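Structure record follows, encoded as structure tokens.
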There are 2 protein chains.
Amino acid sequence: MAYRETTQIRQRKQATQENILSNALTLLNEVGFSGLQMASLAKRCNLATGTLYRYFANKEALCSAVFEHATNIEVTQVQQQLSAPEKPIPERIANALTTFAKRALRAPVTAWALIAEPVEPAVIAARIKYRERYANLFAQAIEQGISEQSLPPQNSALSSRALVGAIAEALIGPLAHQHELEPNSAILESVRFCLQAITARSHSCV
Amino acid sequence: MAYRETTQIRQRKQATQENILSNALTLLNEVGFSGLQMASLAKRCNLATGTLYRYFANKEALCSAVFEHATNIEVTQVQQQLSAPEKPIPERIANALTTFAKRALRAPVTAWALIAEPVEPAVIAARIKYRERYANLFAQAIEQGISEQSLPPQNSALSSRALVGAIAEALIGPLAHQHELEPNSAILESVRFCLQAITARSHSCV
DNA sequence: CCAAAAAATGAATCATGGTTCACTTCTTGC
DNA sequence: GCAAGAAGTGAACCATGATTCATTTTTTGG
């Protein structure tokens, strides 16, 4: 008898896989999905190109995994803000949006990659899940706000998507970096924009 | 003496060029920039691949031209709504947003391509111009509204970007087609969202 | 140390799709 | 009709970058 997978090896393989993912995440934030190449990722990991294929069936699978990984990190952060139990809903939403915006500004290429950059179908599928998770987070909060009457009635699904879109566009769209708006005030302004959109009772208050 | 460019030829060349652009526009709305291939475009035009290169230096130049072409069409439409001189500013903005949204819904792939799909640097440059034009349209209207006091004070540049982002995301983002929201109500809702965002005087009116 | 089996390697291969160019066809003025 | 020159052609070429696979290196239990 001979080779048998041992705990040591299993752990090393797991470490390698995690190492690949974390290097991929760093690369993603430098070049986006479109610039993510198997060869350069391998070099970054001190591995041969072929080795990547022992851990992921193909580039698509790898990208999906990277996507999921990044997603979990982001969603968790926002989630936390939304579930602060003692605070009123509008404040929680404002905090969540601010977190979302700050993180997006800190890693704009990643944010762009998660939100909008087009990629192969498998990653698109992953992104749809990602967006759904976000949409659900905010939509749920909005609905709770409506039922508590701290928010006016509205289509929560649509509002939550518009929230994400408004922030994404204002902060990380291709145009955003042209105008040297001070980042903090940009965040404040866009959160204000969003909050007014969902809290205002009607135009007639103009 | 011999060949000399004649009016007939000049016109025919112009017609060919326009034909290429219009076919490219159709293709764009089917497959986006990423799916736009020189060979298939040529076939669609009943031309040889090489011929395209007699009209455009390379794919990048062609895409830029297509982009500009599409842009002009879109911006003109929105512009019209914003410049209706007799109507109050908020109404004009609402109409402009509605036009924007309707057109985006009618040709979602094109809208996506113009707003967000990532492409080569030259097209990105064109997109930045496109967004700037939009941003300027809305920002100008918002500023006018502020000075007329039909809108509250706000960062007009940021608001106008957020407007576009909110609508784009709500209506044409990858997630949008998942939920079978009735198109008209989606437009109404997102315009309402935007309008409240820019017209609400403060949260305190909640 | 050995044989078995897996893991790692990286140069060669393949696929895609833009670009070129030698050649053919068309247009023009005489 | 003809020569000059442009327009049009499309198969061959090239660049990029993912994927494969024959070979080498490691690991393991005995």
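Being a predicted model, the structure only gives us computed values, none of them experimental. A, B, ... follow the sequence lines: proteins, then strands. Residue 1 opens every chain.
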Any idea which of [options] is nearest the [X] side chain?
X: A:T49; options: C:dG10, C:dT19, C:dC26; answer: C:dG10
X: B:Y55; options: C:dT19, C:dG10, D:dA7; answer: D:dA7
X: B:T6; options: C:dT28, D:dG10, C:dT19; answer: C:dT28
X: B:I9; options: C:dT27, D:dT19, C:dT9; answer: C:dT27
X: B:Q8; options: C:dT28, D:dT19, C:dT19; answer: C:dT28

query: How about B:N72 and B:F67: do any of their side-chain heavy atoms sit closer than 4.5 Å?
result: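 With C-beta onward as the side chain, the pair stays apart.
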
- prompt: Starting at the 5' end of DNA chain D, which residue's closest nucleotide do you reach first, A:Q37 or A:A57?
  reply: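 Comparing both residues, the 5'-ward one is A:Q37.
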
Within the structure, does a side-chain N or O atom of [X] lie under 4.0 Å from either OP1 or OP2 of [N]?
X: B:K59; N: C:dT19; result: no
X: A:R54; N: C:dT9; result: no
X: B:R12; N: D:dA7; result: no

For [X] and [N], what is the distance between atoms [atom1] and [atom2] respectively, to the nearest whole Å?
X: A:K43; N: C:dT9; atom1: NZ; atom2: P; result: 14 Å
X: A:N46; N: C:dA8; atom1: CG; atom2: C1'; result: 13 Å
X: A:L47; N: D:dT24; atom1: CG; atom2: P; result: 20 Å
X: A:E60; N: C:dT16; atom1: CD; atom2: P; result: 14 Å
X: B:Y53; N: C:dA22; atom1: OH; atom2: P; result: 17 Å
X: B:N58; N: C:dC21; atom1: CG; atom2: P; result: 15 Å
X: B:I20; N: D:dG8; atom1: CD1; atom2: C1'; result: 11 Å
X: A:Q11; N: C:dA7; atom1: CD; atom2: C1'; result: 17 Å

Classify [X] by what it touches in the nucleic acid, base, sugar-phosphate, or nothing, heavy-atom distance under 4.0 Å.
X: A:L41; answer: nothing
X: B:L52; answer: nothing
X: B:T51; answer: base

field: Member of A:R12, A:Q11, A:E18 meeting the side-chain hydrogen bond (donor to acceptor under 3.5 Å, both in side chains) criterion with A:Q14
entry: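 Testing A:Q14 for a side-chain hydrogen bond (donor to acceptor under 3.5 Å, both in side chains) against A:R12, A:Q11, A:E18 leaves exactly one candidate, A:E18.
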
message: Run the salt bridge (charged side-chain N to carboxylate O under 4.0 Å, His left out) test against A:K13 and tell me which residues pass, sequence neighbours left out.
response: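 So A:K13 forms a salt bridge (charged side-chain N to carboxylate O under 4.0 Å, His left out) with A:E5.
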
Do any N or O atoms from the side chain of [X] and from the backbone of [Y] form a donor-acceptor pair under 3.5 angstrom?
X: B:K43; Y: B:M38; answer: no
X: A:N19; Y: A:A15; answer: no
X: A:S64; Y: A:E60; answer: yes

field: 5′-ward residue of the pair B:M38/B:T7 relative to DNA chain C
entry: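 Looking at the nearest nucleotide for each, B:M38 comes out on the 5' side.
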
